[in-house]
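Read the structure below first, then the notes.
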Amino acid sequence: MTVKKNFAGYMLIELVLCTGLFLGISAYTGTACEQFIGFMSILNLIMFIFMLNRIKHEILSIASLFVVFMYLFNLGIPIARLLNWVDDTGERFLARRIYSMGNDTFIQYMIYGYLLISMLQIGVLFYFGRMKKSSTEYVDWSNANYNIQLQRCKITGMICILISIVPYFYGEIVYLKDALIFGYQNADSTFNLSGTGIGLIGNLFTVGVMLELVYLQNDRKKFDFLFFVLSAYQVFRMYITGDRSTGIALILVWILIRHKFVNPIQGKRAVLYLFLAYVGMLFIKIVEMTRTINSSSVDEAFAELMQTNMLAETVFEYGGNAWCGMMVYYSVPATGSFRCGLTYLAGIIGKPLSILGITNNVWNFADFSIFLKEPARGALINSLTSAMGGSFSGEWYFNFGWLGIIIIPFFGYGLAKFSDLCTSKKNNPVLSGFLLYVATLVIWWVRQYFTSVSWSTLVYGVIVWIIYYVVVKKTSE
């Protein structure tokens, strides 16, 4: 089939699925309606994976990971409802956090999330469908120029690591200590990704690690050793702190680097990685349990784990994130106005304005949690903002409302192009390494704000550019 026929066929499939969603919703009410949305969500995801295979594009990519997380964090509750994965504890959570804003509001926001993801997939597949088959992309390893670029990638990465290694481990030690003493949510946030002090310098270490992993693409043994050490530390960090977002995003990107640059995941290896993913989900659930059980005993966590459906717990917990975006949907335009894309601009220029002492208002404007905490939103919304986190779909609705469904395919196209650039062997390895660091931020943007991506990308992009072009490239010429 030609590219146009493939895309037209997928457009027709999405039209049928979206039409079917509206017909089904009109025929069902209450829990049955939620179950139907869950069924349509699973079907839509299956069709997305089928089309990736149809156009001969690899399923494992930054864009596809983003789409999968969009399903989990936006439509997880209907999926859990369909599979009868909502227990009494879950029902209490829904009553307190979700249904308190109205059952109709919840259904409407689920429809918005479904349509948003559907149109996002169209943009992703439109770009991927125009690409040449990934197996035709190659690098001539005897090419002296590429080997020189790899050496420069190594040096750039080492400079980043040397600059940041002391503040990185100092920040990690402080964070681990605070998490053990005060708990995950009360740990010192000085060293977060959007910081401006020692934490900002320390996080350059992660950029350097990405560059070193890309450099080691020709040395499988060294790559695997470094991959194992880094992954083991992230697993340890997740257990101690309970902070899963950073570790999950990093490990997923490291697996992607290994798949694209070192040794493709095929055949039996795919089964092995699926098994490891399942084990990883078990561990993540244990982490969550040690955060909620009064005693942090691993034995207690294992005992409770044996009595629960781990997959069900994970899907429902991630799906509960819909509460964040739903608060925006409840509040806008009822008590506030749409931002028309301005929060994304504010996310780029806000931090420099704050650092220069000009104003903090622009940076705050980019964070819809601050908007939701304002008294004008009302007592209900103000009471629900505790530990809310972020939401890509909520932020998108905050800016564009229902019009965002029409705009999102363009973002999907850009996301797919970014995904391709991250792992293209035709790139300068330094560019690939830096983009793969940004990819860790993009993946978790589903559960965050644009500010979590913009500031780090801007700062580290400038630093890597200076190190590469001013220091490394000139001294090696």
Side-chain angles (χ1 to χ4, degrees), residues 62 66 149-150 152-172 175 189-216 226 230 234 243 245-254 256-257 344-356 363 366 390 414-415 418-419 421-424 427-445 448-474:
I62 298 300
F66 187 90
Q149 291 177 342
L150 282 175
R152 289 173 177 172
C153 181
K154 173 188 177 182
I155 297 170
T156 304
M158 287 304 301
I159 293 174
C160 289
I161 290 173
L162 289 173
I163 291 172
S164 60
I165 188 167
V166 173
Y168 175 79
F169 281 105
Y170 174 75
E172 286 292 284
Y175 183 63
S189 60
T190 303
F191 308 102
N192 61 39
L193 289 173
S194 60
T196 55
I198 190 173
L200 189 67
I201 300 173
N203 281 310
L204 185 63
F205 182 86
T206 306
V207 181
V209 166
M210 289 293 179
L211 293 169
E212 292 304 308
L213 286 171
V214 172
Y215 160 70
L216 290 172
L226 183 58
L230 293 170
Q234 287 302 321
D243 176 13
S245 58
T246 302
I248 290 172
L250 285 172
I251 292 173
L252 284 174
V253 171
W254 294 336
L256 182 64
I257 294 174
Y344 299 111
L345 176 62
I348 296 172
I349 67 174
K351 182 61 75 171
L353 292 176
S354 178
I355 293 172
L356 294 172
W363 185 250
L415 175 66
F418 167 78
S419 179
L421 285 172
C422 284
T423 55
S424 174
N427 278 346
N428 184 317
V430 176
L431 176 61
S432 293
F434 172 69
L435 291 179
L436 284 161
Y437 165 74
V438 176
T440 64
L441 308 178
V442 170
I443 288 174
W444 216 251
W445 184 11
Q448 288 289 345
Y449 306 89
F450 180 64
T451 53
S452 68
V453 180
S454 59
W455 176 237
S456 296
T457 301
L458 177 64
V459 172
Y460 298 134
V462 171
I463 293 174
V464 170
W465 184 87
I466 292 173
I467 292 173
Y468 178 72
Y469 283 100
V470 178
V471 180
V472 177
K473 192 173 182 181
K474 284 193 175 183

Original post:
Which atoms form the tightest heavy-atom contact between L150 and Y215, and what is the distance?
Top reply: O-CD1, 3.2 Å
Original post:
Do I248 and W444 come within less than 4.5 Å of each other through their side chains, counting heavy atoms only?
Top reply: yes
Subject >> Heavy-atom check, side chain of L421 versus side chain of L431, under 4.5 Å >> reply: no
**OP:** Taking all heavy atoms of M158 and all of E212, pick out the closest pair and write down the distance.
**Re:** N-OE2, 3.1 Å
**OP:** Nearest 0.5 Å please: distance from the CG atom of N427 over to the CG atom of L436.
**Re:** 9.5 Å
Subject >> Spacing of CD1 belonging to I251 relative to OG1 belonging to T246, to within rounding of 0.5 Å >> reply: 10.5 Å
Original post:
Are the side chains of W465 and F434 in touch, meaning some heavy atoms are under 4.5 Å apart?
Top reply: no
**OP:** State, to 0.1 Å, how close C160 and I467 come at their nearest heavy-atom pair, and which atoms those are.
**Re:** SG-CD1, 3.7 Å
Original post:
When rounded to the nearest 0.5 angstrom, what distance separates OG1 in T156 from CD1 in I161?
Top reply: 11.0 Å
Subject >> 4.5 Å side-chain heavy-atom contact, Y468 and N428 >> reply: yes
Original post:
Looking at T440, L213, T423, which one forms a side chain to side chain contact (heavy atoms under 4.5 Å, CB included) with V253?
Top reply: T440
Original post:
With sequence neighbours left out, what residues match I348 under side-chain contact (heavy atoms from CB on, under 4.5 Å)?
Top reply: F450, S454
Original post:
Say you draw a straight line from CD1 of I443 to CZ of F66; how long is it, rounded to the nearest 0.5 Å?
Top reply: 9.5 Å
Original post:
Just wondering, do W455 and P352 contact through their side chains at under 4.5 Å, heavy atoms?
Top reply: yes
**OP:** Kindly indicate whether the side chain of I257, heavy atoms from C-beta on, has any atom under 4.5 Å from the side chain of M210.
**Re:** yes
Subject >> Rounded distance (nearest 0.5 Å) linking atom CD1 of I155 with atom CG of L211 >> reply: 12.0 Å
Subject >> Residues in side chain to side chain donor-acceptor pair (under 3.5 Å) contact with W445, at least two apart in sequence or another chain >> reply: E395
Original post:
Does any non-hydrogen side-chain atom of Y460 lie less than 4.5 Å from one of T206?
Top reply: no
Original post:
Which pair of non-hydrogen atoms, one from A366 and one from A346, has the smallest distance, and what is that distance?
Top reply: CB-CB, 3.9 Å
**OP:** Would you give the length of the straight line joining atom CG of L441 to atom CG of L250, rounded to the nearest 0.5 angstrom?
**Re:** 9.0 Å
Original post:
Which atom pair, heavy atoms only, marks the closest approach of S164 to L204?
Top reply: OG-C, 3.5 Å
Subject >> Heavy-atom pair of closest approach, residues I62 and S419 >> reply: N-OG, 3.2 Å
**OP:** Just do the side-chain contact (heavy atoms from CB on, under 4.5 Å) check on L435 and F418 with the steps written out, would you?
**Re:** CA-CA 8 Å; L435 291 179; F418 167 78; 3.9 Å; yes
